[in-house]
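For reference, the structure is listed below as structure tokens.
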Amino acid sequence: MSSTSDEDLDRLIDELTLPAKIRLLTGATTWRTAADAAIALHELVLSDGPAGVRGQSWDERHTSVLLPSATALAATFDEQLVEQLGALLALEARRKGVDVVLAPTLNLHRSPLGGRHFECFSEDPELTGLIGAALIRGIQSHGVAATAKHYVANDGETDRLTVDVRVTERTLREVCLAPFEAAVAAGVRLVMAGYNSVNGTTMTASRLLTDPLRSEWGFDGVVVSDWGAVRTTEDTARAGLDLLMPGPDGAWGENLLRAVRTGKVAESAIDAKVHRLLRLADRCGALGRRPPLTRAGPRTRDVRRLLRRAAAAGTVLLANHGVLPLGAGDLKTVAVIGTHAARTRTQGGGSAGVFPQGEISLLDGIRTRLRGHARVVHVPGPHVPGPPPALDPRLSTDPRSGVPGCLLRMLDAHGHELYAEHRSGGRQLEPPLVPGARTVEISALLRPRTSGTWTLSVAGFGRMSLRLDGRPLVAGEFAKNTDDPAIVHVTPPPQCATTHLNAGKDVLLVARRELAPGTGRATIVGAAEPGPEPTAAVAAAVRAAREADAAIVVVGTTEHDEREGQDRTGIRLDPRQDALVSAVASANPRTVAVVNSGGPVEMPWRDQVGALLLAWLPGQEGGAGLADVLFGRTEPGGRLPTTWPARLEDAPVMCTQPVAGRFHYSEDLHIGHRGWLRTRRTPAYWFGHGLGYTTWAYEHITAPGQVPAGAPFTVRVVVRNTGARAGRETIQVYLARPDAAIDYPQRWFAGYAAVRAEPGETVTAEVHVPTRALRHWDERAHTWRTAPGPCRVLAGRSAGDLPLEAEVQINAAP
Ligand code: BGC
């Protein structure tokens with residue numbers, strides 16, 4: 001796309017005064033860069049990512065196409081499909097006038113407790129790099145720029161703004177930086193510097209922004225700060241950081257101008273930043289004449305079909321005792337059990353969140369699939385504790401217009417209305433900016449469908465109140481206890497109250513929050529219906545399961561468990577959910593358990609169920625994709641991108657708590673399955689595990705006998721489809737060097753290839769083993785090396801199931 005030469009960009013820079021140049025280096029707003037008419041530079045619009053393109057506002061009226069979460073994308077082990085999904089994000093970006101998508105997230109699954117686990121691809125640096133590069137290629141296929149984030153070692157949420165990660169140079173290179181290196185090789189146009197520090201330096205001022213990023217890898221794009229990550233002026237300006245976000249305030253601006261004028265920061269450094277910014281603008285079509293926006297996206301039908309295929313391709317069949325696929329034709333009644341069946345979680349929380357165009361719950365998907373074939377009985381089972389969901393138009397009406405939804409008003413200091421509008425939901429993260437407004441008010445007529453004890457809530461910071469028919473339920477000053485933007489602006493904690501409501505009797509709910517400086521803009525009103533009595537709820541589920549030909553029980557995490565800005569405190573499901581699965585499984589041997597979560601959960605009942613499917617956070621078409629899998633229209637295509645523990649305590653890295661502000665990556669290279677192998681513990685399911693609907697025999701492996709150090713090679717693996725159905729198999733290759741003098745992981749993932757075969761057919765998979773799979777970082781010489789000597793090459797279905805083996809001799813480079 002780039003058409004302007006470096007010389008021409010420099011000539012444009014010469015036309016700018018120093019203040020004009022510095023102005024460009026801080027965002028003009030939260031989501032936009034500054035424009036400069038003098039050089040025909042237009043603003044660039046940036047938007048989160050990664051599961052959908054939100055656009056410039058958090059507004060439920062501006063909906064987005066919602067992809068499966070990153071863990072589900074990695075589980076596809078299908079770069080072509082991920083690239084197609086990236087291209088879909090690009091079209092969404094175009095439709096919304098977005099130039100830069102803040103995705104993908106290339107941090108790693110170190111601990112099962114990671115709050116943003118759902119948003120990262122894998123525990124494995126190689127797989128993360130491959131899938132991330134595919135998404136980047138897709139996003140950038142339509143003149144949109146992708147952003148590799150968060151550079152680097154930003155793998156946990158606890159104290160993420162300040163934590164200092166202590167990590168060896170070798171681990172940094174081989175583990176943490178590796179996916180970013182792959183992103184740069186794929187041509188990524190931006191890299192986002194994280195909030196955290198690495199080895200004592202905050203990432204926005206880190207040398208890692210130039211070395212290896214620019215020097216060795218040749219990155220010529222823009223380094224943007226994470227939102228609010230620049231806290232000082234000179235060191236960050238001298239480092240490789242180019243763009244401070246969000247704007248218009250921040251530590252650069254006037255301070256940076258002064259620093260340049262007093263010689264503390266060289267003007268040439270400013271010019272280099274502006275040059276990179278102009279190059280990015282040029283690549284995005286924002287320099288010179290701006291091409292008209294093409295707002296027409298792809299046909300909805302095609303989008304939905306692709307997302308449905310993606311959901312099925314990421315679904316992991318963890319276990320199957322002959323129960324799946326269910327034959328739609330031989331079922332009369334199917335029991336669909338669990339609150340997650342009807343309220344499927346399709347995405348994780350935090351900056352990645354979007355307002356989806358529509359969502360197909362698992363129950364919807366199953367109902368649609370079985371219409372005209374079998375009766376579907378839904379029993380929610382026990383209530384899953386969590387904060388009340390935001391008010392939605394099924395429960396409330398705007399008290400002024402009577403239209404489903406609520407009324408949003410902005411009030412002045414005397415409580416007089418300055419502005420009012422109808423909104424459809426109670427989650428208002430960015431109420432309109434109205435001059436003179438001091439208070440935001442959300443009101444709704446709530447129509448209870450059930451009598452009993454309701455939980456009502458208001459979330460936000462500062463002075464707030466919640467009234468029911470004039471009676472105060474919540475009132476007080478709720479001080480901010482964090483500066484984390486994901487919590488302040490997206491998921492502030494709810495203040496809850498319980499009250500008795502009668503079915504069908506409308507009540508007026510009025511929430512108010514004072515818009516004091518520093519309290520953010522988010523105001524969220526929530527309402528939770530009374531849950532059923534737990535024992536009776538399980539009994540009803542058991543009855544339904546017993547009377548059905550098959551039972552599908554859906555359990556999962558809540559939006560409170562998995563989100564940005566906080567790590568999880570455990571990976572157990574609510575005990576009532578565990579009890580529900582066990583009870584249903586003992587009532588019906590044809591029980592399929594479906595897990596709806598972005599990261600690992602303990603499944604103590606996993607050996608009791610007939611089949612076990614992992615649906616992840618499957619995006620807007622999740623229910624349709626899962627129904628395709630359940631009833632055999634599609635094979636479950638997913639393989640685990642991360643090892644799942646049976647119990648949290650077994651995980652090689654569990655802790656997410658820094659000590660005295662520091663976090664030592666003491667596992668070194670032994671992340672994920674490498675750590676499990678080293679600690680000799682057995683997980684519930686290994687990295688790479690996942691079944692299809694046919695069976696495979698691994699028959700033969702060939703690898704070259706000799707390979708010169710530094711050269712890639714190809715491994716050929718012959719497999720036979722021994723089942724009765726056509727299928728797809730993901731053949732994985734791992735390397736091991738047990739006799740080497742260097743400390744390697746016991747074995748490590750080096751690549752994969754997927755093949756398809758008809759029943760009885762034999763096919764050969766060619767797995768490419770790249771040069772990087774064999775190199776190691778020499779800390780003394782600060783360079784990559786490949787050690788000569790023997791290397792075992794193992795092939796199979798997962799990190800824990802590798803039936804074939806060959807040996808390659810690595811010869812010293814000539
Ligand atoms: C997150 C980023 C996100 C940014 C803008 C930050 O808090 O860490 O991933 O892109 O906010 O929303």
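In each ligand, atom 1 is the first atom listed, and ligand 1 is the first ligand listed.
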Under 4.0 Å to a heavy atom of [X] - the qualifying atoms of ligand 1, by number:
{"X": "Tyr195", "result": "6 (C), 7 (O), 8 (O)"}
{"X": "Lys149", "result": "2 (C), 3 (C), 9 (O), 10 (O)"}
{"X": "Ser351", "result": "1 (C), 2 (C), 3 (C), 9 (O), 12 (O)"}
{"X": "Asp226", "result": "1 (C), 2 (C), 3 (C), 4 (C), 6 (C), 7 (O), 8 (O), 11 (O)"}
{"X": "Glu564", "result": "1 (C), 6 (C), 7 (O), 8 (O)"}

*Side chains of Phe663 and Asp159: does their closest heavy-atom pair fall under 4.5 Å?*
no
_Short side-chain donor-acceptor distance under 3.5 Å, Thr30 and Trp227_ = no
*Classify the side-chain pair Thr202/Arg231 by whether it contains a donor and acceptor separated by less than 3.5 Å.*
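Yes, side-chain donor-acceptor contact under 3.5 Å.
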_Non-hydrogen atom of Arg116 closer than 4.0 Å to ligand 1_ = yes
*asked:* Just to check, does Arg160 reach to within less than 4.0 Å of ligand 1 when the distance is taken from its heavy atoms?
replied: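 It does; at least one heavy atom falls under 4.0 Å.
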*Decide whether an N or O pair under 3.5 Å exists between Asp48 and ligand 1.*
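In this structure, Asp48 places an N or O atom under 3.5 Å from an N or O of ligand 1.
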*Decide whether an N or O pair under 3.5 Å exists between Trp31 and ligand 1.*
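Between Trp31 and ligand 1, no N or O pair is found under 3.5 Å apart.
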_Given Arg345, which partner from the list Glu559, Glu359, Glu562 fulfils the salt bridge (charged side-chain N to carboxylate O under 4.0 Å, His left out) test?_
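The residue from Glu559, Glu359, Glu562 that satisfies salt bridge (charged side-chain N to carboxylate O under 4.0 Å, His left out) with Arg345 turns out to be Glu562.
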*Can Arg160 and Asp484 be counted as an ion pair, charged N to O under 4.0 angstrom?*
yes
